[in-house]
Amino acid sequence: MMRKFFTVIFAFFVVLPNLMYATGNPGREEAKIDQVYSQFGLTGKGTIVVMIDRGIDYTHPDFLDANGQTRLAYLFDLIDDSGANASNNTYGRGTIYTAADINASLQAGTTLSTDRHGHGTATTSIACGNGSAVDGNEFRGVAYEATIISVKVTQDGFPAFGNQPGEAGAFDPSDIPVALQFVADKLEELGMPGVTLINLGSVGGPTDGTSTICRAMDDFVARGHTLVCGVGDDGGADNFASAAVPLGNSNEIQINKGTAGVVRLDLWYSESDRFSVEIERPNGQKLGPFAAPSGPDGFDDRNFTDIRYFHRGANTEFFGATSNRRELLIDFSGATGVYKVILTATAAEVSASYAATLNPATYASPNRFLTNQVAGHSVADYTSAFNIISPADYVVKNEWFDLSGTFRDFTGQGEDGEIWIGSSVGPSHDGRLVTDFAAPGEILFGAYSPNTWYSNFQSSLVQGGEGKYGIQNAVSAAAPLSMGVIALMLELKPDLTPAEIKDILQQTARQDNNTGSVPNNTWGYGKLDALAAVQAVNSLVPTNDPATTQAHLKLFPNPTIGQLIFQLTQEKVSADEVMVTNYLGEVVYRLNATEIERGQFNLPAKMVNGVYQLVAVGKGWRAASRFVKL
């Protein structure tokens, strides 16, 4: 059973370029992720990566382990309600699939849920794909041994292509809080540290952290779960307007509608003020003026076929915000040209101020405000939640060779090291810094599946990917790369709090001539530095095992490239057994009697670089100290 979705009033417009683009080596190298691998041996194992996006093709090799079994613990498809009443579904919507369900599907060759668009598959692989569809590690994601939870909350529409049917768009914003509740429940059930990404959102809404969805996001973080949401892809355009209108005066907002389809004006102002509204079409025909609703419970909804008009009081606006603000939402679907919205302040102490967004109105679109434009303020409403982590996107490499060997590149979107032109810019509409840092997302490589909207664009399939990998860009690429880095941090120290992770990523971000003085509304605190972040986490890891009793170990050199000297700090204590264990507690080397007596040994050559423990056990005591093999 499929639910009906209210796509006109409640759906956010997520505008994507004609070519769909997602990480690979350029991003890993730029963010120093490869150095994290070589110095710490982290892989994401023992952590959970949660992608809330457009679903996933779970049959792609990126999401299978070496035995062909799924790496997914759960898949929650909120677009399909056929399992809403199943015994394992306490949420009353969507369909839940377990790892056992997915493995049975893989064996039978059936399809439970998929991503015909391609965005969710590509972006999940950036965060945690294992790159196994081809030889080598070129297309491997960041936390490539993490466990995965995939939640499908939206479905992008696209036309028929080749011999494939098109697909209608679908999105119900009320699914987001349900998705977060599900994820929190499953993270706590599985008992593993995790990081979650909401990989969607666009301009519109109160953008002050008080919407229903923002509050659900902050509630999720309050339960101890780290949540990421990128700033949005609405930078580089005049899509924010604001003005203070003196009582009794009028203000004219001019909007250039340069594309077919719907263009949405979403305007917010204080419940204590009042605006009457008049609208003028490009041909000069006027509608109104319409008086403001009388109180917080009031509303005035009108349908003029080519213009849909909704003026709502603070208790009836569409986003459930708690900031006591009114909403004026107007959808223009008629002819292209310049539309005018004339606001007259009919009630205010001195003046009535408004904040308005236009969507779609990206750097690549002719839709824009022609009056009252204010720079910045183009972050998505979700990004304004108070306690989440919000990365922006910058250019690492804007060129690639496609599957046929043809050279491809993007021009006019920023040079190497610069912010991507479409990366949204703060502040939030209540004036807060919301960007934490910028990550390299231009361009990355992600998993592609056959017969999808993504793979339909042959120029997007990347050389060496054998049709299984293609390009991905925008904040949708930068955010999952950032999420993967957080998974590595949690692998090293599973009890990191969301606040600690946010602070570490801010404080270890690097600056250069492009970032300028930080923090700022474009770059936040600078460029993501995964190595510096992991090193900062490493400094927080306790030297001694919590289970240690009586005796303690001193180790040097630490880090070590091969030889380790150890000393028990308590006098007259000798060890009966000394061993090296990995982060899972598995013994990888046992010292012989001579090595124990000497207090010195060489690490086996086969030991990979990473974080280990030296464990010493005696009569009635145990000691352990962490060390890093380089």
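In what follows, every heavy atom counts, from backbone to side chain, and hydrogens, waters and symmetry copies are set aside. Since this is a predicted model, take the numbers as computed values, not measurements.
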Fill in: Residue among Asp300, Asp301, Asp266 satisfying salt bridge (charged side-chain N to carboxylate O under 4.0 Å, His left out) with Arg312
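When salt bridge (charged side-chain N to carboxylate O under 4.0 Å, His left out) is applied between Arg312 and each of Asp300, Asp301, Asp266, only Asp301 qualifies.
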Any side-chain donor-acceptor pair under 3.5 Å between [X] and [Y]?
X	Y	value
Thr344	Thr346	no
Thr259	Asn367	yes
Thr95	Asp77	no
Thr435	Ser390	no
Thr362	Ser365	no

Worksheet entry | Asp436 bridged to Lys502 by N-O distance under 4.0 Å |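 Here Asp436 pairs with Lys502 in a salt bridge, since their nearest N and O are under 4.0 Å apart.
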Return the orientation label for the [X] and [Y] ring planes: parallel under 30°, perpendicular over 60°, tilted otherwise.
X	Y	value
His117	His119	tilted
His429	Phe240	tilted
Phe275	Tyr269	perpendicular
Phe318	Phe310	perpendicular
Tyr339	Phe332	tilted

Item to complete: Could you tell me whether Arg93 sits above the aromatic face of Phe182, with NZ or CZ closer than 6.0 angstrom to the six-membered ring centre and within 45 degrees of the axis?
Response: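 So Arg93 doesn't make the cation-pi contact.
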Worksheet item: Out of curiosity, Glu442 CD to Gln413 CD, how far, rounded to the nearest 0.5 Å?
Response: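 Atom-to-atom, Glu442:CD and Gln413:CD are 6.5 Å apart.
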Item to complete: Let me know which of Ile198, Ile79, Asp53, Leu78 forms a side-chain contact (heavy atoms from CB on, under 4.5 Å) with Val153.
Response: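 Passing option: Leu78.
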Worksheet item: At their closest point, which heavy atom of Cys229 faces which heavy atom of Ile388, and how far apart are they?
Response: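 In this case the closest contact between Cys229 and Ile388 is CB-CD1, 3.8 Å.
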Discussion item. Ignoring hydrogens, what is the shortest heavy-atom contact between Ser378 and Ser424? Give both atom names and the distance.
Written reply: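 The pair with the smallest heavy-atom distance is O-OG, 2.9 Å.
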Fill in: Check: Tyr448 ring centre within less than 6.0 Å of Tyr469 ring centre
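No: the rings miss the under 6.0 Å criterion.
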Worksheet item: Are Trp268 and Phe319 near enough that their ring centres are under 6.0 Å apart?
Response: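 Distance test on ring centres: under 6.0 Å, yes.
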